[in-house]
Amino acid sequence: MNRTLGVCYYPEHWPETQWASDAARMVAAGLTWVRIGEFAWQRIEPAPGTFDWDWLDRAVAVLGDAGLKVVMGTPTATPPRWLVDQMPDMIAVDAQGRPRKFGSRRHYDFSYLPYRDACRRIARLMGERYGRNPHVAAWQIDNEYDCHDTCLSYSDAARAGFQDWLAQKYQSTDALNRAWGNVFWSMDYDSFDQIDLPNLTVTEPNPSHVLDFRRYSSDQVVAFNRVQVDVLRDLTDTPLIHNYMGRTLTFDHYAVGADLDIASWDSYPIGFLSDRIEGTEAEKQAFLRQGHPDNQAFHHDLYRAVGKGRLWVMEQQPGPVNWAPYNPAPLPGMVRLWSWEAFAHGAEAVCYFRWRQAPFAQEQMHAGLLRPDDAEAPGLAEARQVADELAQLPDVSAGTAPVALVFDYESAWAWDAQPQGADFEMFRLAFAAYRGLRKLGLSIDILPPDCADLSAYKLVLAPGLLTLSDNLRDALARFTGVALIGPRTDVKTPDLTIPNPMGPNLPGTDVTVTLTESIPPSDAIALEGGGAFRHWFEALDGTATVHHRTADGRPAIMGGDHLRYLAGWPSDETFVDILRTTCAEVGVATQDMPGGLRLRETPEATFAFNYGADPVDWNGQTIPAAGVAWVKR
Amino acid sequence: MNRTLGVCYYPEHWPETQWASDAARMVAAGLTWVRIGEFAWQRIEPAPGTFDWDWLDRAVAVLGDAGLKVVMGTPTATPPRWLVDQMPDMIAVDAQGRPRKFGSRRHYDFSYLPYRDACRRIARLMGERYGRNPHVAAWQIDNEYDCHDTCLSYSDAARAGFQDWLAQKYQSTDALNRAWGNVFWSMDYDSFDQIDLPNLTVTEPNPSHVLDFRRYSSDQVVAFNRVQVDVLRDLTDTPLIHNYMGRTLTFDHYAVGADLDIASWDSYPIGFLSDRIEGTEAEKQAFLRQGHPDNQAFHHDLYRAVGKGRLWVMEQQPGPVNWAPYNPAPLPGMVRLWSWEAFAHGAEAVCYFRWRQAPFAQEQMHAGLLRPDDAEAPGLAEARQVADELAQLPDVSAGTAPVALVFDYESAWAWDAQPQGADFEMFRLAFAAYRGLRKLGLSIDILPPDCADLSAYKLVLAPGLLTLSDNLRDALARFTGVALIGPRTDVKTPDLTIPNPMGPNLPGTDVTVTLTESIPPSDAIALEGGGAFRHWFEALDGTATVHHRTADGRPAIMGGDHLRYLAGWPSDETFVDILRTTCAEVGVATQDMPGGLRLRETPEATFAFNYGADPVDWNGQTIPAAGVAWVKR
Amino acid sequence: MNRTLGVCYYPEHWPETQWASDAARMVAAGLTWVRIGEFAWQRIEPAPGTFDWDWLDRAVAVLGDAGLKVVMGTPTATPPRWLVDQMPDMIAVDAQGRPRKFGSRRHYDFSYLPYRDACRRIARLMGERYGRNPHVAAWQIDNEYDCHDTCLSYSDAARAGFQDWLAQKYQSTDALNRAWGNVFWSMDYDSFDQIDLPNLTVTEPNPSHVLDFRRYSSDQVVAFNRVQVDVLRDLTDTPLIHNYMGRTLTFDHYAVGADLDIASWDSYPIGFLSDRIEGTEAEKQAFLRQGHPDNQAFHHDLYRAVGKGRLWVMEQQPGPVNWAPYNPAPLPGMVRLWSWEAFAHGAEAVCYFRWRQAPFAQEQMHAGLLRPDDAEAPGLAEARQVADELAQLPDVSAGTAPVALVFDYESAWAWDAQPQGADFEMFRLAFAAYRGLRKLGLSIDILPPDCADLSAYKLVLAPGLLTLSDNLRDALARFTGVALIGPRTDVKTPDLTIPNPMGPNLPGTDVTVTLTESIPPSDAIALEGGGAFRHWFEALDGTATVHHRTADGRPAIMGGDHLRYLAGWPSDETFVDILRTTCAEVGVATQDMPGGLRLRETPEATFAFNYGADPVDWNGQTIPAAGVAWVKR
Ligand SMILES: [Zn+2]
Ligand SMILES: [Zn+2]
Ligand SMILES: [Zn+2]
């Protein structure tokens with residue numbers, strides 16, 4: 001695998017006279033890729049049916065002639081004002097019923113079919129023009145689906161689409177009423193036309209109603225994306241990519257990824273630490289200028305699965321951003337560290353966002369590799385250093401980790417539909433499990449919920465899953481390592497109701513969850529020998545062996561030699577303890593990571609990353625703050 | 001009084017084949033009552049004018065034949081979808097102006113008259129069919145008025161109704177303008193049609209405007225309930241009941257209760273602790289799995305007054321619920337304790353909610369006495385124990401307490417209309433007084449604001465009342481115990497303006513509130529000899545005796561031998577101290593309650609309840625955590 | 001200057017029989033001014049075109065004959081209901097798109113031109129009737145512009161007005177697109193009709209779009225005010241005044257003030273401390289009953305600039321108010337202290353709000369000088385004391401302070417449009433600078449951003465300015481003291497984009513801000529020798545001298561002998577340290593103020609105010625809590 005660097009560029013933002021020197025400086029910095037086009041619809045088609053391709057032709061030529069490979073973006077995340085005037089109902093509607101106005105970006109409704117047609121048309125025209133252009137070596141479709149909460153819309157178009165989707169799924173309202181249990185509060189429907197979107201109800205809507213709406217909404221993203229995939233497939237042989245965001249769970253990325261060739265994501269470690277990632281105040285303070293030490297790794301591993309092994313970072317934070325609650329500058333060295341962590345997790349390319357800081361509009365306070373006045377910003381030297389290091393070092397491949405975590409989007413929606421705890425989200429539990437593994441120095445593979453083969457792994461975690469798929473249940477039946485299943489896994493039907501017999505349904509393992517409780521942050525359930533469950537606890541019954549107990553004698557881990565059910569949500573420390581013990585049992589070596597140190601094993605080398613603000617000793621060497629080290633295996 | 005147990009049951013949720021065994025198991029568990037029907041409108045009338053009574057006939061027969069008494073609920077809290085289609089304007093509108101959609105329950109506007117007609121019709125049909133059925137021994141009308149904030153609606157129907165109500169009350173806009181003081185900001189109206197609902201104004205609306213809207217809204221609940229009372233009175237001789245919620249203050253429960261035979265309420269001690277009851281973090285932690293030790297007692301005493309002496313618990317929490325921010329399981333023993341506390345406060349019946357946990361829809365995570373798979377849940381054994389104990393123990397009656405607390409709904413609305421402190425609600429003050437009394441081991445009667453006779457009591461508290469009714473003022477004039485009146489009592493007119501001469505108007509007692517101040521939580525006013533007023537302080541003037549002073553010498557309690565005005569809102573500790581002293585003066589014995597211990601005296605026995613998580617010694621015995629003890633008097 | 005006292009009075013609230021005695025008591029209390037009329041539109045014009053002037057004629061006569069001077073208010077802050085019925089679109093719309101209903105006050109849209117006509121008409125009629133009345137000695141136009149967030153409206157009228165305003169400013173959408181950088185996300189407009197108001201966009205709107213909307217909205221306030229100024233100028237020779245609120249930044253007060261003769265403001269020290277003024281919890285606790293010790297001074301200095309030297313306090317808090325989160329009573333003496341602080345800062349008149357507490361409507365819990373029952377409230381004795389003292393003491397004049405702070409409204413809008421930190425507002429930085437100066441015992445002049453002459457000052461602060469005006473830059477070029485410019489000053493263009501070359505552009509001083517970062521409250525940047533920057537830091541480059549460094553060696557203060565750029569937002573303590581050092585350098589004497597002591601120097605005397613709750617020693621005397629002292633200079 002030939003690891004490469006790249007950068008996001010917007011030729012339409014700069015005088016054409018500057019393009020050639022920009023391209024030359026990119027090449028001189030060691031960059032391979034330049035991403036363009038994604039927000040340029042209005043400049044390509046300034047009026048309905050009036051096209052101005054010339055400038056884009058010239059931009060591709062200038063960049064390509066300088067030796068750069070172009071990633072061409074379809075501009076469908078920013079429909080021009082004239083298109084909104086043509087089809088005002090393309091605008092999405094928020095959960096409060098308010099249309100979301102033009103004036104920024106992503107102002108379209110995934111359910112509105114005429115806009116899909118408009119996207120097909122512009123994608124086709126771009127594909128026809130650049131699909132075989134020798135400089136265009138990859139395509140990005142749209143930009144950051146669901147960013148700014150744009151997946152869910154409560155519009156008339158969404159309601160009509162949802163009603164059709166339900167009619168196709170259930171065929172009769174009788175079947176739907178039974179599946180959802182609408183008898184509960186006289187909520188039965190006589191016709192699909194009566195079914196509204198599940199917002200603004202008097203009290204909570206039926207969770208089965210919500211879950212189906214979430215499935216429907218995810219399907220619209222998949223369908224929206226597929227429209228452009230379908231049209232571009234015939235027009236280019238280069239890979240098709242989407243750039244996902246961090247902690248975005250409202251659509252099934254595996255399903256979108258199935259239609260694409262590469263999964264890329266936009267990695268903003270410092271912004272994400274402050275606006276979306278778990279962490280104590282102490283952690284947020286300790287990693288303020290570095291980002292959470294496990295967040296980048298988690299998303300690399302997740303999107304490597306979404307990309308069926310092919311991963312890029314399409315946007316890498318190069319300095320302070322503009323959109324987080326506070327926007328401090330990275331610790332010197334972090335741009336290099338983040339880049340190397342991506343490569344160590346299998347990324348083929350890391351593109352910095354953006355080449356030169358824009359002097360205007362919403363992101364004018366977002367740093368680039370260059371300052372707005374064209375001088376070098378601090379990130380550029382670090383990018384150049386990475387380019388040099390890449391040239392000097394042998395390739396690494398992603399390999400297979402000893403440990404796997406099953407991660408499922410639909411389960412996240414089920415949690416949202418029925419959280420039971422005020423601040424419960426499935427991501428929190430899954431990320432807690434992931435953090436526990438990383439604190440033990442482990443490398444992890446993330447698996448989709450329908451994976452059919454676990455034989456490569458010694459330890460598998462399956463926390464928070466709505467159900468176990470047939471594939472996964474079969475794989476678990478054959479599994480020879482230890483699978484730690486739960487908590488809150490396979491205790492519901494796909495309709496989000498309670499099965500009878502009650503779950504989980506673990507092959508050859510008699511464990512039943514008989515009662516669940518959610519626990520406020522001020523309380524916990526102590527475990528025998530120390531440690532505690534927080535947030536969530538399930539009373540277990542059955543004939544399986546009890547491996548671990550609560551301090552008052554109730555089952556905490558219960559099951560057989562291979563399949564075990566975890567009855568609660570361990571505290572961070574307890575998660576580490578449970579995982580350390582289980583790893584020892586299955587022969588996976590662990591090391592307790594001090595502070596911000598994290599490891600990543602590849603077949604060729606072990607990488608060490610110091611996210612801490614102080615030096616740390618590891619493997620006989622001292623790694624400075626924000627430092628990266630590697631040793632051949 | 002024959003104390004009984006019961007359970008809430010939804011035959012329409014379960015296969016008919018299961019009904020007989022359910023009934024037999026209820027009887028075997030010692031249950032007397034089974035409540036059905038309340039959410040079944042759509043199953044009774046699946047299409048407009050098309051009725052399916054057969055299943056309900058059979059359900060009543062099966063349950064009745066097993067020996068159970070049926071409480072029949074009218075299903076008007078869950079109008080079916082087809083009815084909403086017939087009359088879309090029946091939907092209520094929230095304070096932000098958004099219609100509150102179908103898809104859960106209570107999606108009706110109390111002001112919308114055609115819906116009242118529809119309720120009259122379904123209640124009449126049910127009354128005609130079951131009013132004389134020998135198995136049907138009581139009726140519940142609707143379910144949990146105002147639950148999910150459904151009393152106040154800002155719809156067109158509400159505006160039109162409010163305008164009519166104002167026209168009837170004031171007869172002329174001139175009178176209204178004068179009563180409200182609309183001259184203040186040129187707010188005078190020329191016609192009743194101009195008067196809008198008091199939401200979404202630029203800054204606060206006129207508090208007199210708000211208070212009248214609150215009175216109007218309460219009147220609609222009374223009128224709505226009366227429609228069904230009127231129709232059922234002729235069709236049945238069994239008692240008519242409504243099941244009120246906890247800390248629900250938006251309508252006048254006394255006025256609704258005046259039309260009914262029994263007041264019942266839905267007691268969810270753990271849910272209420274976390275979502276609506278005062279308490280320090282330490283208390284919320286200490287009583288996480290028990291509920292606040294005074295909340296159940298308060299509502300029992302309140303609803304005993306609302307029921308003119310007749311009290312039920314229609315829904316008793318039997319395990320974890322689904323709707324609170326966090327939903328932990330009760331400490332073992334609490335289901336029994338809660339049941340006994342209800343009986344000790346005069347309840348005739350305690351019905352658990354619900355028989356079997358529903359496997360679907362909004363409340364699928366709400367425990368029942370049975371699990372969804374039909375096995376016994378932990379609550380059932382405790383219910384069975386209570387049934388056994390009831391059979392073995394003599395009856396107790398409610399009796400009359402030595403201490404009374406006047407509690408008024410209209411005053412709560414006046415506080416809402418003009419809080420003066422960011423988090424002020426009248427309930428907080430009344431409940432603080434109640435807690436103080438309970439901490440001294442006292443039993444309390446709650447009295448309505450128009451009570452005319454206080455002669456049974458030695459101590460009467462009247463905190464936070466908008467005005468003193470003529471009845472109450474006369475009773476106070478004759479009172480021979482000590483009445484502790486205030487703070488914030490009788491200092492306004494019924495129009496929520498300031499009277500001249502200024503209040504309070506205490507018979508034979510010269511005290512005037514000359515200036516009031518609200519105080520942030522960070523501050524307090526120290527009292528002579530220790531203790532403090534928090535939140536609220538009133539400067540008092542007059543010739544009456546000063547019984548207690550602030551540390552800087554201002555009156556803290558002022559009045560005569562019998563009527564005394566309390567100038568501030570005492571801290572919890574200070575409230576206990578003031579009440580202890582006053583009780584000593586009037587010859588009411590007190591005991592300082594350790595931790596979660598609480599007492600309830602009845603003419604026949606004294607009950608002790610240990611809400612604490614540790615055993616406590618009392619009266620020569622050790623009461624375990626969640627334990628109940630009683631001694632004959 | 002003849003310093004005077006006054007009071008706000010509403011004859012329409014009281015029986016006419018009471019007017020004469022009220023007037024006599026006002027005169028007896030030493031009051032000169034009585035403000036009337038401001039909310040009386042409905043009583044003047046009870047129906048369209050039907051006028052009732054008689055009562056107002058008599059009120060003016062009674063008050064004037066008693067020896068009082070009348071301030072006549074135009075009643076345009078409270079349009080009557082019938083006018084709203086005539087022009088329903090006069091109602092403003094909030095940022096959520098909801099019309100803001102009638103039922104309180106300020107329910108008009110500044111953009112709605114027919115309402116301006118209605119205001120012109122009522123102002124003309126009042127001017128014709130009272131403009132030459134010998135008792136009417138001043139006019140107040142409207143009341144508290146922007147109070148209750150009423151400057152910004154998102155109505156159709158505002159959108160249409162904004163589009164016209166943009167068309168006039170930019171002449172072509174091309175020019176606008178370029179100025180705003182609309183190319184960024186394909187946000188270009190083809191026609192001004194396409195440009196919506198910048199609310200409810202999917203993610204943040206273009207900050208240049210927001211800033212222009214803020215400018216437009218401010219212009220509407222100026223235009224609205226000018227309509228009444230224009231009509232009254234011809235009809236009266238007495239001064240025209242508006243009464244501004246505290247910490248109101250949404251319109252350019254300098255621009256409104258340019259059309260008026262006197263700037264007055266409404267000073268509510270205790271209410272403002274709790275609802276709008278910076279302060280640690282400890283400060284809010286320490287000054288709960290006094291108000292922030294720097295807030296009144298800041299606004300006096302600001303509005304003295306807005307009034308081009310002429311300052312009044314139109315409403316002075318006399319006791320507890322009704323509208324803050326909590327409303328405690330002032331410490332005895334504070335009413336006198338606040339009055340004297342106003343006079344020491346150059347106020348010509350201080351009017352108390354209000355004469356007698358209203359017994360009805362929204363402000364019935366707002367104290368007056370009299371109680372609702374006509375007895376004296378505590379504030380009256382203090383007012384009388386001030387009147388006596390004024391009579392005995394010689395006049396003071398405002399003079400010129402040694403130190404100046406440049407304060408700009410447009411810069412505040414730029415911060416709002418692009419805060420970069422979750423809780424950043426320009427006022428916070430400016431007030432931090434002001435507090436630092438006050439803690440050193442200094443008197444301060446506030447200057448508008450276009451001031452052209454700094455020669456009177458030894459130290460000038462210019463924090464947080466969007467740009468430096470040409471006037472100010474020229475004045476700085478000639479400045480012989482030390483100007484501490486920044487942070488965040490002159491680093492943007494007037495369009496709120498980044499200039500090239502990058503700013504600031506300081507005459508003869510090579511400093512460039514190369515990168516900025518915002519910092520959460522949990523972090524800080526340490527300075528060499530102690531102290532820290534909080535919230536905001538700018539990396540500086542250039543050839544100018546580094547006067548002060550961060551602990552890790554980056555420039556903290558950089559520039560020449562006279563013009564220096566401050567690279568960050570100093571902590572409160574650090575601000576004091578930096579200012580103390582700089583004052584020493586320029587020969588301005590400072591004294592560290594203990595606790596709540598503050599000074600104000602006038603040419604004639606030095607005043608000392610003790611905002612603390614304990615006595616403090618100063619200049620050989622002990623000033624009691626809430627005490628005022630003065631020494632002749
Ligand atoms: Zn992006
Ligand atoms: Zn209920
Ligand atoms: Zn005012």
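All heavy atoms count here, side chains included; hydrogens, waters and symmetry mates do not. Just so we're on the same page: letters track the sequence lines, and every chain starts at 1. For clarity, every value in this text was computed on a predicted model and none was experimentally measured.
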So, does [X] use its side chain to make a donor-acceptor pair with the main chain of [Y] at under 3.5 Å?
X: B:T467; Y: B:P494; answer: no
X: B:S186; Y: C:W41; answer: yes
X: B:D490; Y: B:L468; answer: yes
X: C:E38; Y: C:A77; answer: no
X: C:R289; Y: C:A329; answer: yes
X: C:H148; Y: C:H107; answer: no
X: C:S104; Y: B:T203; answer: yes

Item to complete: Select, from B:Q420, B:H535, B:M187, B:M502, the one with the greatest count of heavy-atom pairs under 4.5 Å involving chain C.
Response: B:Q420
Item to complete: Count the heavy-atom pairs under 4.5 Å between each of B:W536, B:W185, B:Y189 and chain C, then report the option with the highest count.
Response: B:W185
Item to complete: Tell me, out of C:T78, C:I91, C:D85, who's got the most heavy-atom pairs with chain B below 4.5 Å.
Response: C:T78
Item to complete: Name the member of C:Q42, C:Q357, C:K284 that forms the most heavy-atom pairs with chain B at distances under 4.5 Å.
Response: C:Q42
Distance-only polar pair, side chains of [X] and [Y], donor-acceptor under 3.5 Å:
X: B:Y216; Y: B:S111; result: yes
X: B:D190; Y: C:W82; result: no
X: C:Q285; Y: B:S522; result: yes

Please classify the contact of [X] with chain C as side chain, backbone, both or neither, using a heavy-atom distance under 4.5 Å.
X: B:L211; value: neither
X: B:N182; value: neither
X: B:D495; value: neither
X: B:N206; value: both
X: B:L197; value: both
X: B:F424; value: side chain
X: B:D193; value: neither
X: B:D523; value: both
X: B:P198; value: neither

Check each atom of [X] against the heavy atoms of chain B and say whether the ones under 4.5 Å are side chain, backbone, both or neither.
X: C:Y10; value: neither
X: C:Q96; value: neither
X: C:P75; value: neither

Fill in: Part of residues 320-328 of chain C lying next to chain B, heavy-atom separation under 4.5 Å
C:P320, C:V321, C:N322, C:A324, C:P325, C:Y326, C:N327, C:P328
Discussion item. Taking 4.5 Å as the heavy-atom cut-off, does anything in residues 364-373 of chain C contact chain B, and if so which residues?
Written reply: C:Q364, C:M365, C:R371, C:P372, C:D373
If you measure from the Lys or Arg side-chain nitrogens to the Asp or Glu carboxylate oxygens, is any gap between [X] and [Y] under 4.0 Å?
X: C:R43; Y: C:D52; result: no
X: C:R106; Y: C:E144; result: no
X: B:R534; Y: B:D572; result: no
X: B:R488; Y: B:E538; result: no

Practice prompt. Anything in residues 505-517 of chain B with a heavy-atom distance to chain C below 4.5 Å? Please list those residues in order.
Written response: B:T514, B:L515, B:T516, B:E517
Worksheet item: So which residues of residues 159-181 of chain B are in contact with chain C at a heavy-atom cut-off of under 4.5 Å?
Response: B:W180, B:G181
What pair of heavy atoms forms the shortest contact from [X] to [Y], and how long is it?
X: C:F360; Y: B:T497; value: CB-CG2, 3.8 Å
X: B:F537; Y: B:T550; value: CE1-CG2, 3.8 Å
X: B:S208; Y: B:L496; value: OG-O, 3.8 Å
X: B:F213; Y: B:S153; value: CZ-O, 3.4 Å
X: B:A95; Y: B:L200; value: O-CG, 3.6 Å
X: C:I270; Y: C:Q317; value: N-OE1, 3.1 Å

Worksheet item: Does the ring center of C:F110 lie less than 6.0 Å from the ring center of C:Y112?
Response: no
Worksheet entry | Cation-pi check, C:R81 onto C:F102 ring (under 6.0 Å, within 45° of axis) | yes
Practice prompt. Measure up the C:F272 and C:Y268 rings against each other and bin them: parallel (under 30°), tilted (30 to 60°), perpendicular (over 60°).
Written response: perpendicular
Item to complete: Starting at OG1 of C:T50, measure out to CD1 of C:I44 and round the result to the nearest 0.5 Å.
Response: 13.5 Å
